[in-house]
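Note on naming: letters A, B, ... go to the chains in the order of the sequence lines (proteins, then strands), and numbering restarts at 1 for each one. Both backbone and side-chain heavy atoms feed into the values below; hydrogens, waters and symmetry mates do not. Note that this is a predicted model, so its numbers are computed, not measured.
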Protein chains: 2
Amino acid sequence: MEGSGRDTGNALLFLTDEQLRKGIEAMFFAYRGFTADPDRILADMAYGRAHHRAVHFIHRSPGTTVNNLLAMLGVTKQSLNRVLRALVADGLVRNEVGKRDKRERHLYLTPEGDALERQLSDAQRDRMRTAYRAAGPEAVTGFRQVLEAMMDEEMRNRYDALKDLKG
Amino acid sequence: MEGSGRDTGNALLFLTDEQLRKGIEAMFFAYRGFTADPDRILADMAYGRAHHRAVHFIHRSPGTTVNNLLAMLGVTKQSLNRVLRALVADGLVRNEVGKRDKRERHLYLTPEGDALERQLSDAQRDRMRTAYRAAGPEAVTGFRQVLEAMMDEEMRNRYDALKDLKG
DNA sequence: CTTGGAATGTCAACAAAGCTGACGTATTAT
DNA sequence: ATAATACGTCAGCTTTGTTGACATTCCAAG
């Protein structure tokens, strides 16, 4: 089957095209599940996935600047600005002019924003917890290792920077 | 640190909110990497991620019907139809009226469509292979286990159905 | 003190890709 | 015959991304 002719031994079987394809499809279907719960919650409000991401990262590093958030999300400032404007207008995010550098705007969640963040991350964590529990601790380690190896260099730096905040 | 007061023992430490949050962020950043290479290739043509997905699944199960594809992708027929129309018009996908049931349209890739599929999946597999190689076979097993546990019931069925085709 | 560049915000216009609702047409099933 | 299914399509809307242009504010360097 899948006659590539060469069998490089069991140790490398996980690198066959078959195995790689399964990984690709697993990633696709799993990501749908990953976003499904927050999406459902947000659908009721006038918000979408972009708002979720903004709220998440502001929660993660309160006082972060717009530029920081931009680099984190990898979108244009115009796109982010539209999202932030809505969140500020609705009283979920607070905008504070920088003390040292007054060009910068530092972003914080209001209590209302915190409440939304908690609602969203609770739902997402629940699913993640269920998956972790089903797969077991060793699987979780492998899961994280592969994901980290899949990131672009720059994204991994961002990810590592977040890790250092508390973890 | 992270004083939740209760320490349930090492066996369950991987279920702390900290660990779950890391998993969530890893998923987010990794998915960006996952789609980055195909996105770059598609950006040059008039295509996007939706075309990639359609081409991928038609390649996976040649002769699949529109309804099958619809369920696989989880979008509306209007949304899929727009994508398929473009692919057929550009000669990448072929449309065949069903023999048994003439209402159905069976979808196949043309040689040109196959070429695009190969280009895209080569790029995506390369990244996956690099990640797999870096993480090792045991990590890959864990990776797949967690992803599968993260899917919605219906998506897991779809995923399993694909697995049975060849794998 | 002036000026260049950086950070931010905003306007306009557009595109990709999703959605709903409605309708038409073959074809099959009851 | 009639109902249900599979598919296509039109119209219109939303979210979220994109470019490009331009103003403001402010830091820092000359």
Side-chain angles (χ1 to χ4, degrees), chain A residues 28 31-32 35-36 38-58 63-90 93-108, chain B residues 28 31-32 35-36 38-58 63-90 93-108:
Chain A
F28 170 72
Y31 199 78
R32 302 214 116 220
T35 57
D39 281 357
R40 261 189 293 273
I41 295 172
L42 290 159
D44 297 337
M45 326 178 182
Y47 294 140
R49 215 174 279 181
H51 303 83
H52 180 191
R53 293 197 281 258
V55 164
H56 174 93
F57 285 114
I58 295 173
T64 189
T65 64
V66 173
N67 243 15
N68 268 333
L69 205 50
L70 238 36
M72 204 65 100
L73 299 172
V75 299
T76 58
K77 64 175 177 176
Q78 293 91 331
S79 195
L80 175 58
N81 187 256
R82 184 169 32 195
V83 167
L84 285 180
R85 216 185 314 169
L87 291 172
V88 169
D90 296 350
V93 167
R94 186 163 52 84
N95 222 342
E96 203 170 273
V97 174
K99 284 196 170 177
R100 254 191 27 203
D101 186 337
K102 291 173 195 161
R103 289 168 304 180
E104 295 178 340
R105 302 298 140 88
H106 298 276
L107 303 168
Y108 301 89
Chain B
F28 170 71
Y31 199 77
R32 303 214 114 221
T35 56
D39 281 357
R40 260 189 293 273
I41 294 171
L42 291 159
D44 296 336
M45 327 178 182
Y47 295 140
R49 217 173 277 182
H51 303 82
H52 181 191
R53 293 198 280 259
V55 163
H56 173 94
F57 285 114
I58 294 173
T64 189
T65 65
V66 173
N67 246 13
N68 268 333
L69 205 50
L70 238 36
M72 203 65 99
L73 299 172
V75 300
T76 59
K77 65 173 177 174
Q78 293 92 330
S79 195
L80 175 59
N81 188 256
R82 184 168 31 193
V83 166
L84 284 181
R85 215 185 315 168
L87 291 172
V88 170
D90 297 350
V93 168
R94 186 164 52 87
N95 224 340
E96 203 169 275
V97 173
K99 283 194 170 177
R100 254 190 30 203
D101 188 336
K102 290 176 196 159
R103 290 170 304 179
E104 294 178 339
R105 301 299 139 87
H106 298 277
L107 303 168
Y108 301 90

| Closest heavy-atom contact between B:M72 and A:F28? | O-CE2, 4.3 Å
| With distance as the sole test, does B:R49 use its side chain to make a donor-acceptor pair with the main-chain N or O of B:P38 at under 3.5 Å? | no
Can you tell me the distance, in whole Å, between the [atom1] atom of [X] and the [atom2] atom of [N]?
X: B:D39; N: D:dG17; atom1: CG; atom2: C1'; answer: 12 Å
X: B:L80; N: D:dT9; atom1: CG; atom2: P; answer: 12 Å
X: B:R32; N: D:dG17; atom1: CZ; atom2: P; answer: 8 Å
X: B:R82; N: D:dC10; atom1: CZ; atom2: C1'; answer: 12 Å
X: B:N81; N: D:dA11; atom1: CG; atom2: C1'; answer: 14 Å
X: A:Y47; N: D:dT14; atom1: OH; atom2: C1'; answer: 15 Å

| query | What string of B, S and - do you get for nucleotides 21-30 of chain D, 5' to 3', when a contact is any protein heavy atom under 4.0 Å? | reply | B---BBS---
| task | Tell me which of A:R49 and B:L84 sits closer to the 5' end of DNA chain D, going by the nucleotide each one is nearest to. | result | B:L84
| request: Could you say whether B:N67 or A:A50 is positioned toward the 5' end of DNA chain D, judged by the nucleotide with the nearest heavy atom to each? | output: B:N67
Is there a side-chain polar atom (N or O) of [X] under 4.0 Å from OP1 or OP2 of [N]?
X: A:H51; N: D:dT15; result: no
X: A:R53; N: D:dG17; result: yes
X: B:R85; N: D:dT9; result: yes

Is there a side-chain contact between [X] and [Y], using heavy atoms and a 4.5 Å cut-off?
X: A:T65; Y: A:H106; answer: yes
X: A:F57; Y: A:L73; answer: yes
X: A:R94; Y: A:V88; answer: no
X: B:L84; Y: B:I58; answer: yes

| task | Tell me what A:N68 touches on the nucleic acid: a base, only sugar-phosphate, or nothing, going by heavy atoms under 4.0 Å. | result | nothing
| said: Categorize A:A43 for me: base, sugar-phosphate, or nothing, with a 4.0 angstrom heavy-atom threshold over every strand shown. | reply: nothing
| said: Looking only at the side chain of A:T76 (C-beta and beyond, no hydrogens), which of the listed nucleotides D:dT18, D:dT9, D:dG8 gets closest? | reply: D:dT18
| From the 5' end of DNA chain C to its 3' end, which nucleotides mark the outer limits of contact with chain A, defined by a 4.0 Å heavy-atom distance cut-off (strictly under)? | C:dG5 to C:dC11
| task | Please work out whether the ring planes of B:Y31 and A:Y31 are parallel, tilted or perpendicular, with thresholds of 30° and 60°. | result | parallel
| field | A:H52 and A:H56 aromatic ring geometry - parallel, tilted or perpendicular at 30°/60° bounds | value | perpendicular
| request: List the steps and the verdict of side chain to side chain contact (heavy atoms under 4.5 Å, CB included) for A:E104 and A:N67. | output: CA-CA 8 Å; A:E104 295 178 340; A:N67 243 15; over 6 Å; no
